[in-house]
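These numbers come from the heavy atoms of this one structure, side chains and all, not from hydrogens, waters or symmetry mates.
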Amino acid sequence: MNQFQDVFNEFSQLHNQKYNLGEILSFLDSKCANGYFDRDVYQQLIDQIPQAQSQQQCTINQLINVFKKAQDVLNDKISKCQQIIDQKNIEIRAYSDKIKQQQTNSVNSSSKLNVEILEAEILYQSNGQLQISLECMSSVVYTQLAKRLNPVWNETFDFNVNEQAVMKFILLDTELQQKRGIGGVAYIDINTFGDQMLHDFTVNLTDESNSIVRAKLHLKIQWIYSKNKYLQDLVNENMIQINQLEQEINDHIVDLDIINSPFKQGIKFQNNLTISTYQTQQNQQQQQQGNILLISESQIDRLVQISLLLIILYLVFGLLNSMYRTLNFDFLVIFYCFLFYQKNYKLQSLLHIKIIMVMLGVALLMDIIWLAIYSTPYLGEFNASYDHLEYGLQKYQIILSWLLLFVKIVVLMFYVHIYATYPDKSTQVYDQQWNAIFGWKDIKQINIYRNYN
C-alpha cells in the first residue's frame, strides 16, 4: 500500500479529492518505463470503482484500493495454481514409482472391469421393488432390492474380462416378474471404455423391442486392461495440466507486471519472487543450481530406509528400559514410526517426518527431565544407606536411560538431516490426508480419476 501512496503523492497529496480519469492516466503513463500504461487494464480497474466511469472522476484512495485488490487477487491465483502444481508433481512421482515397480516385478497386468451401479430414474408406472441384474462374460450379479420411488443402490462389482465382453443391464421389477416381464434392458460394449479412464454417465434402459425408454440408470465404469499404460496416461494427463497451470501463472505474472509498472521497481508478491518473468526464471535457475548441492531423491529414500534401522535400535533400547521405567510415550512414537514405514517404502511426504521430529523432541525433553531428577544419587560414590543390589539395578537403569537418550538424539538428527537436505520441500508439504482435513477448500481437483492400487 505504501508503494502506491508514495507514487500517487507525486500526483497529489489530497487522496480523497476527485480527479479527472484522463489526468490520472497521463500520470500513470509518465511513471511507466515505456511511457505507456495498458488501457485495457486501466479500464478494468476503473470499472471496479462505483460511478467512476459515468462521472469520469475518482479519488486517489479509490484507485489505490482497486490497485491493491487486483494485486492481491493475482497473487492469490498464482499461489493456488502453484499449490495445485505441487500436488500434481507428488502424484506424478507416485505414479512413476508404481510404473517402475510393475517393470521391476514383471507383473502381467490382468484385464479388470469395475462397475458401480448408483441410482435409477424410473419412467413407467409400477408398485414393485426394483433390482439390477448385470451379465458380463459368464458372470451374473444382482443388486439389492430397492424401493420403486427413486431407487438407489451404490453397489460395486468387479469382473475379469477381455475385449469381446458385452455388459447386459436388466431392470428387474417384482411386479412385472409375476407376468414374466422386465423393467428395461441395455447393452454396453466394453470397448467404449478403452481409454481406461473413469466414465460417469447415464444409460437408457429400453423395453425388449428397444423402442421405448423405460428407465435411466446412473453408472460409473472403468476398464483397466494395461496397468502400465493406465499409469502412464495419468502421468501424461498431469503433465498437461501442469503445463496449463504454468501458462496460467505466467499470464497472471504478466498482468501483475502491468499493474505494478507505474510504481517502484522490485515490488514483490506473496512468495517473495519479483514480478518480472525474467527475474522469475532467474530465481528458478538459481534454485535448480542450489538443488544440485543437495542429495538426490534416491539418496533421500535410502536415508529413509536407514532411519528404519535406527527406529529398530530405538525399540531395542526402549524394551530394555521398560523393565525399570514406564515408556508409554516412547512406544507411541515407535508405533507411529513403524506405521509410517509400513505404508511408505519411499518418502512421499515430509508431513510424517515433521510429526515424528516433534514427537521425538517431546520424548527427549521428558528423558532429560527424568534424568535430571533420578540420576544424581546413583552416579557418584556409593552411599551406605542404599542396598547394594538396589544400588546396582538403579545404576544400570540410569546407564540404559542415557543410552536411550543418545539413540533418540541420533534418530532426531537423522530426521532433521533428511528434512534439511530434501531437494524440493515446496512439493512435499502436504499429503492427501492433510489436504482432506486442513487443505485449501476452494482448490478444484483437476484429476478426478480413481487412484490405481
Side-chain angles (χ1 to χ4, degrees), residues 95 98-99 101-103 105-124 126-148 150-234 448-453:
Y95 294 141
K98 290 179 181 179
I99 292 175
Q101 282 182 330
Q102 294 288 332
Q103 294 173 347
N105 298 333
S106 300
V107 177
N108 295 324
S109 60
S110 58
S111 182
K112 293 286 187 179
L113 177 66
N114 179 273
V115 180
E116 184 175 0
I117 301 175
L118 300 175
E119 70 271 345
E121 178 185 358
I122 309 303
L123 305 178
Y124 67 93
S126 173
N127 296 320
Q129 290 185 306
L130 304 177
Q131 185 181 39
I132 299 295
S133 167
L134 172 55
E135 300 180 16
C136 185
M137 303 292 289
S138 58
S139 302
V140 181
V141 295
Y142 298 90
T143 64
Q144 298 293 325
L145 288 172
K147 295 182 179 179
R148 164 65 178 79
N150 300 323
V152 177
W153 293 281
N154 293 329
E155 298 184 36
T156 303
F157 305 96
D158 294 313
F159 302 91
N160 293 319
V161 296
N162 56 39
E163 59 184 12
Q164 283 81 35
V166 175
M167 290 173 284
K168 181 180 180 181
F169 295 87
I170 303 176
L171 176 62
L172 302 177
D173 189 321
T174 55
E175 182 177 334
L176 296 178
Q177 280 182 320
Q178 299 175 359
K179 306 174 183 178
R180 297 186 179 182
I182 61 174
V185 62
Y187 297 88
I188 302 178
D189 191 338
I190 194 174
N191 292 289
T192 307
F193 316 103
D195 57 4
Q196 300 196 107
M197 295 296 103
L198 175 64
H199 292 254
D200 187 339
F201 64 102
T202 300
V203 63
N204 292 331
L205 301 177
T206 63
D207 58 3
E208 295 180 352
S209 63
N210 195 26
S211 59
I212 301 176
V213 176
R214 296 176 60 82
K216 295 182 179 181
L217 183 62
H218 184 192
L219 303 170
K220 288 184 180 180
I221 298 179
Q222 187 174 31
W223 176 32
I224 303 296
Y225 57 84
S226 174
K227 296 177 182 178
N228 285 344
K229 183 179 182 300
Y230 170 66
L231 293 170
Q232 188 60 52
D233 288 343
L234 291 179
I448 61 172
Y449 308 128
R450 293 181 183 174
N451 290 328
Y452 168 70
N453 294 319

Between Met137 and Asn162, does a side-chain contact (heavy atoms from CB on, under 4.5 Å) hold up when you go through it step by step?
CA-CA 9 Å; Met137 303 292 289; Asn162 56 39; 3.3 Å; yes

Distance check, rounded to the nearest 0.5 Å: [X] atom [atom1] versus [Y] atom [atom2]?
X: Ile99; Y: Gln232; atom1: CD1; atom2: CD; result: 4.5 Å
X: Ile224; Y: Ser111; atom1: CD1; atom2: OG; result: 9.0 Å
X: Gln144; Y: Ile117; atom1: CD; atom2: CD1; result: 11.5 Å
X: Tyr95; Y: Tyr230; atom1: OH; atom2: OH; result: 6.0 Å
X: Gln222; Y: Lys112; atom1: CD; atom2: NZ; result: 13.5 Å

Kindly write out the residues that satisfy side chain to side chain contact (heavy atoms under 4.5 Å, CB included) with [X], not counting sequence neighbours, or none if the list is empty.
X: Thr192; result: Ile188, Asp189
X: Ala186; result: Val203, Leu205
X: Asp158; result: Asn114
X: Lys229; result: Gln196, Tyr225, Ser226, Asp233

Neighbour count >12 (heavy atoms, 6.0 Å) for atom OH, Tyr187
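Atom OH in Tyr187 is not packed in, count stays at 12 or less.
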
Give a yes or no on whether Glu163 atom CD has more than 12 heavy-atom contacts from other residues, nucleotides or ligands under 6.0 Å away.
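Open: at most 12 neighbouring heavy atoms sit under 6.0 Å from CD of Glu163.
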
The test is side-chain contact (heavy atoms from CB on, under 4.5 Å); show your working for Leu134 and Met167 and say whether it passes.
CA-CA 7 Å; Leu134 172 55; Met167 290 173 284; 4.0 Å; yes

State, to 0.1 Å, how close [X] and [Y] come at their nearest heavy-atom pair, and which atoms those are.
X: Glu175; Y: Ser126; result: OE1-OG, 3.5 Å
X: Ala120; Y: Leu217; result: CB-CD1, 4.0 Å
X: Leu113; Y: Cys136; result: CD2-SG, 4.0 Å

If the condition is side-chain hydrogen bond (donor to acceptor under 3.5 Å, both in side chains), which residues does [X] pass it with, not counting sequence neighbours?
X: Asp195; value: His199
X: Glu155; value: none
X: Tyr142; value: none

Mind jotting down which residue pairs meet the side chain to side chain donor-acceptor pair (under 3.5 Å) criterion with at least one end in residues 207-219? Sequence neighbours excluded, please.
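Every pair satisfying side chain to side chain donor-acceptor pair (under 3.5 Å) with a residue in residues 207-219: Glu119-His218, Asp200-His218, Thr206-Asn210, Asp207-Ser209, Asp207-Ser211, Ser209-Ser211.
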
Going by heavy atoms in the side chains, are [X] and [Y] under 4.5 Å from each other?
X: Ser133; Y: Val140; answer: yes
X: Ile132; Y: Leu172; answer: no
X: Leu171; Y: Asp173; answer: no

Inter- and intrachain pairs under ring-ring contact (aromatic ring centres under 6.0 Å, His included), touching residues 151-184, at least two apart
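Counting only pairs at least two positions apart or across chains, no ring-ring contact (aromatic ring centres under 6.0 Å, His included) contact touches residues 151-184.
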
side-chain contact (heavy atoms from CB on, under 4.5 Å) evaluation trace for Leu219 with Leu118:
CA-CA 6 Å; Leu219 303 170; Leu118 300 175; over 6 Å; no

Is it true that a side-chain atom of Gln131 and a backbone atom of Leu145 form a donor plus acceptor pair closer than 3.5 Å?
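No.
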
Within the side chain of Thr174, is there an N or O that forms a donor-acceptor pair under 3.5 Å with the backbone of Gly128?
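A pair under 3.5 Å: no.
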
